[in-house]
Amino acid sequence: MRPAMLVVSLLATGLALAACAAPETARTAMTDRALGQTRYAIALHGGAGTIPKDTPAEKVAGYTEALAAALRLGESKLRAGERAADVAQAVVMALEDDPRFNAGRGAVFTSAGTNELDAAIMDGRTLRAGAVAGVSTVKNPIALARAVMDRTAHVMLAGAGAEALASEVGLERVEPGYFRTEERWEQLQRTKQRLAASAAADPMLDEFRSTVGCVVLDTHGDLAAATSTGGTTNKRPGRIGDTPIIGAGTYAANDACAVSGTGLGEQFIRHGVARDIADRVRYRGFTLSAAADQVVHGVLDANDGGVVAVSGTGEIAMPFNTAGMFRAAADWTGRFEVAIWDLPQPLPAKP
Ligand code: ASP
């Protein structure tokens, strides 16, 4: 064997051995390549909140299956080499169309009995971002956020101006009745009754938050984040939460991480949660898990919410400080899990 070949062969063997011995998180892009693997990671959430542990098994199974299906969709797109922003958008759109989640079809109601939806998407490679706030006739607000990112010189459009863009680019529109689900309507009635019964009742306490979001590291090494929500039950018309605020509920930058948040939006805005996590990674050198834990458990108050986040090395973090958070994660090492409370949920059989 020629010396150069020997070096290459020893290097490859060394890399392969190192990859086998090292924990998954310590593997590098170089060892992945030596093993013929392409690194990717994806995490998504369907909201953080109270989620009682005695939630009927059928309902839990429905959420688990919906999250697993969205994860499968995202993972198959990543394996096909699709770009991070396209994958995050597709996953969020699927969850927007599912009436179980408080985004798109299953949006919660304002105090006036209307639906006002917010969404945002961010591309970590270019730092381009698009967001919409307070839209009420667009079937998939995340697609409109994408149009803001790709087709305007702006980052955020609200209300009528955002809807005018939806007309311009030909996005699907719906009548207000499309967003009316009985479960969310009853949730509004219960909230109004609770507030009427006691002047001390917390107006922001929400029973079943289920905003959706997705963060992605694609096989090209790029990050993206996307989040979509109906907001909080009984919110004042015109209220805008953290979801469409870049740096609060949504953020992605290749030199740090991608983050999508869920919870009490006002708190996420006050603390700039997504950007704070990214800055702890970027400027203070914390691992993604450490940074996300510090912010969710040390900066936010108990019961404020949680995040899903992914780093450029494929590290995934999904901390929350509520009783539960609908979440799911997959990566190039074969990880594929769905969880609601502390432990992963038993997965439904693959179709
Ligand atoms: N963060 C969203 C908002 O405040 C709500 C949620 O995540 O459930 O609008």
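In this text, all values refer to a predicted model and were calculated from it rather than measured experimentally. Any value given below was found using the heavy atoms of this structure, including those in side chains, with hydrogens, waters and symmetry copies removed. Order of appearance sets the numbers: ligands from 1, and atoms from 1 within every ligand.
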Compute the shortest N/O to N/O distance between [X] and ligand 1 and return yes if it is under 3.5 Å, no if not.
X: Gly241; value: no
X: Leu264; value: no
X: Thr229; value: no

Discussion item. If you count heavy atoms of other groups shown closer than 6.0 angstrom to CZ of Arg335, is the number above 12?
Written reply: yes

Would you list the atom pairs, donor with acceptor, under 3.5 Å between side chains in residues 293-303 and any protein atom, with sequence neighbours excluded?
| unit_1 | atom_1 | unit_2 | atom_2 | d |
| --- | --- | --- | --- | --- |
| Gln294 | OE1 | Arg280 | NH1 | 3.0 |
| Asp301 | OD2 | Gln267 | NE2 | 3.3 |

Worksheet item: Nearest to atom 4 (O) of ligand 1 by heavy atom, His45, Lys235, Arg239: which?
Response: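 Considering heavy atoms of His45, Lys235, Arg239, the nearest to atom 4 (O) of ligand 1 sits in Arg239.
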
Discussion item. Give me the residue, atom name and distance of the protein heavy atom closest to atom 8 (O) of ligand 1.
Written reply: Thr211 OG1, 2.9 Å

Worksheet item: Quick one: does Gly263 get a heavy atom under 4.0 Å from ligand 1?
Response: yes

Worksheet item: Charged N to carboxylate O below 4.0 Å: is that the case for Asp97 and Lys139?
Response: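 So Asp97 pairs with Lys139 through a salt bridge.
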
List the atom pairs, with distances to 0.1 Å, where a side-chain N or O of residues 155-165 and a protein N or O form a donor-acceptor pair under 3.5 Å, not counting sequence neighbours.
| unit_1 | atom_1 | unit_2 | atom_2 | d |
| --- | --- | --- | --- | --- |
| Glu163 | OE1 | Thr137 | OG1 | 2.5 |
| Glu163 | OE2 | Ser136 | N | 2.5 |
| Glu163 | OE2 | Thr137 | N | 3.3 |

Worksheet entry | Stepwise side chain to side chain donor-acceptor pair (under 3.5 Å) check, Asp304 with Asn321 | CA-CA 7 Å; Asp304 277 349; Asn321 64 26; 5.3 Å; no

Worksheet item: For Arg173 and Ser167, does a side-chain donor sit closer than 3.5 Å to a side-chain acceptor?
Response: yes

Worksheet item: Of all the atoms in ligand 1, which lie at a distance below 4.0 Å from a heavy atom belonging to Thr262?
Response: 6 (C), 7 (O), 8 (O)

Discussion item. Please list, in number order, the atoms of ligand 1 under 4.0 Å from a heavy atom of Gly231.
Written reply: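 Those qualifying, in numeric order: 5 (C), 9 (O).
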
